[in-house]
Each structure stands twice: as structure tokens, then as C-alpha cells.
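Below is one structure, written out as C-alpha cells; the observations come after it.
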Amino acid sequence: MSDAVRDGNAGFTLPRGATGFFAPKDGPLPEVDLRAFRAALHAAAHIAEGTVGEVEERDHPRTFHAASIVDRTGEIVILCHAHHPWIAFARERRDWYHREFRSAPPWAHAFTDTGFVVLSGERLLTPVADVDTSVVARAEWRQARLYGISTLGGLLFNAWD
């Protein structure tokens, strides 16, 4: 992914599997290395002078793993997309997200240092109309409409079935 996308200054193109849906004829979706995510979590907790809280591995139909880091300021929820190396931060644990994202904390570089892409709260609130969704299928759009999804973050971090 380009530096411009990492910085939130360019358009965002959804790759196959971004919404968690796939056509069996196209083969399985890629999987993010959960060990790498856990290693980055521990590195981030060390930098934050905190501890890693509960780590929840993705459970179908959720498109993401969730974890937290607890430091002197409280708990910060970390979301890791199951199919692409995207990291987001949220205020609370949920099964899907629409607009509940927060800015990346100062220690977020622990994720980028290990190959993940940290998506800013601002980027995640990008209206779907401003995202290249050319690979999104009709079935995915039906789900997005059913759940009232209007943001990039809502497309990426969901639990549609």
C-alpha cells in the first residue's frame, strides 16, 4: 500500500476480500498472520508501558480480530482485519463498526514497524462514495445497505452474514 494511503491523503481501493465476502470459485481469501499481530500487540504494549488485554480471534462472520492494550490512560481496542494487514483503533469492543473509530495512539508505529497499515480514524470515516469499490459484488452491497453502512470502516470491520 502506498505511503499516501497510509497517510490518508489518497483514494482507497478495496481489494478482493475487504468486506469478508468471497466467491468460492475465486479461491479462499488471504489470511493475516495472527502471530505477527500478537507480536505487534506486545511491542505496542511495551512502548505504551501497558499490558495486552484479551485477544479475540476472528469468528465468522466477523471480518477482524480484536484485542486491547491497557495502559495508564485506560483501555484502547485494536482491530486487525482478518484478510488484509489493516489496523484500526476503537473506543469499545463491538461485532461491527460504523463510525466508532478513534485516532491512532502514539505507539501505533509498533504495527507499521512490523508491516501492518494503520488506518486513521479519519480515513475509516471516509464515505463509501469516495472509495473505489469496483470489486464489491451485488451481495456485498445488499449487506451494506441492510446494515446501513456508509463509511469505509463499516465496509472493512463488519460481521455480516
Side-chain angles (χ1 to χ4, degrees), residues 1 5-6 8 12-23 26-45 48 50 52-70 74-105 107-128 131-133 135-137 139-161:
M1 198 154 293
V5 170
R6 287 178 212 232
F12 195 95
T13 301
L14 288 181
R16 183 174 88 79
T19 67
F21 280 86
F22 71 100
D26 295 332
L29 296 177
E31 292 289 328
V32 166
D33 183 351
L34 203 49
R35 290 176 303 189
F37 175 56
R38 286 179 184 271
L41 275 172
H42 286 280
V52 174
E54 181 183 0
V55 178
E56 297 174 59
E57 291 185 26
R58 173 190 184 257
D59 190 25
H60 181 77
R62 218 171 57 181
T63 61
F64 58 93
H65 308 291
S68 64
I69 291 180
V70 181
E75 181 180 49
I76 296 177
V77 176
I78 300 108
L79 310 175
C80 176
H81 197 275
H83 306 295
H84 298 283
W86 299 322
I87 299 292
F89 297 92
R91 301 187 192 293
E92 63 182 334
R93 288 179 189 259
R94 303 172 53 108
D95 283 332
W96 64 83
Y97 293 84
H98 292 273
R99 308 185 79 73
E100 301 81 7
F101 302 99
R102 60 171 287 163
S103 298
W107 40 261
H109 66 86
F111 295 97
T112 58
D113 291 349
T114 56
F116 289 92
V117 176
V118 172
L119 299 174
S120 70
E122 179 183 15
R123 165 61 67 198
L124 292 162
L125 295 177
T126 301
V128 171
V131 176
D132 178 353
T133 57
V135 300
V136 177
E140 292 169 289
W141 280 123
R142 278 193 294 274
Q143 291 293 322
R145 282 191 297 278
L146 178 67
Y147 285 93
I149 301 302
S150 61
T151 64
L152 171 62
L155 286 175
L156 301 180
F157 297 97
N158 67 68
W160 307 335
D161 196 18

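- Here the shortest heavy-atom pairing between Leu29 and Gly17 reads CD2-CA, 3.4 Å.
- The distance from the CZ atom of Phe64 to the CG atom of Asp95 is 6.5 Å, given to the nearest 0.5 Å.
- Here the CG atom belonging to Leu34 is positioned 9.0 Å from the CG atom belonging to Leu41, to the nearest 0.5 angstrom.
- Inter-residue side-chain proximity for Val77 and Arg91 is flagged as unmet; no heavy-atom pair is nearer than 4.5 Å.
- Residue Glu57 is tested with Arg62, Arg38, Arg35 for a salt bridge (Lys or Arg N to Asp or Glu O under 4.0 Å); the sole match is Arg38.
- Closest approach of Val118 to Ala104, counting heavy atoms only: CG1-CB, 3.8 Å.
- Residues Ala159 and Pro61 approach most closely at O-CG, 3.4 Å, considering heavy atoms.
- Under a 3.5 Å cut-off, the side chain of Gln143 and the backbone N or O of Glu140 do not form any donor-acceptor pair.
- The only option from Tyr97, Trp86, Phe12, Phe157 that meets the side-chain contact (heavy atoms from CB on, under 4.5 Å) definition with Leu124 turns out to be Phe157.
- Donor-acceptor pairing under 3.5 Å is recorded for the side chains of Ser68 and Arg93.
- Across every non-hydrogen atom of Pro127 and Val131, the tightest pair is O-CG2, 3.6 Å.
- Remark: Arg102 does not engage Glu92 in a salt bridge, criterion side-chain N to carboxylate O under 4.0 Å.
- A 4.5 Å side-chain heavy-atom check between Leu119 and Leu156 finds at least one atom pair inside the cut-off.
- Taken from CZ in Arg16 to OG1 in Thr19, the straight-line distance is 10.5 Å, to the nearest 0.5 Å.
- Put simply, CD on Glu54 and CD on Glu75 are 9.0 Å apart, with the number rounded to the nearest 0.5 Å.
- Trp107 and Phe111 have tilted rings, their planes meeting at an angle from 30° to 60° on a 0 to 90° scale.
- Summarising the geometry, atom NE2 belonging to His98 is positioned 9.5 Å from atom CG belonging to Asn158; distances are rounded to the nearest 0.5 Å.
- When the shell of 6.0 Å around CH2 of Trp96 is examined, it contains 12 or fewer heavy atoms from other residues, nucleotides or ligands.
- Nearest approach of Arg99 to Thr151, heavy atoms of both residues: NH1-CG2, 3.0 Å.
- Distance check: Leu79 CG to Glu56 CD gives 10.0 Å after rounding to the nearest 0.5 Å.
- Ile78 has its side chain within reach of Phe89: a pair of non-hydrogen atoms, C-beta onward, lies under 4.5 Å apart.
- Counting only heavy atoms from C-beta outward, the side chains of Leu152 and Leu14 approach each other to under 4.5 Å.
- Between Val32 and His83, the closest heavy-atom pair is CG2-C, 3.8 Å.
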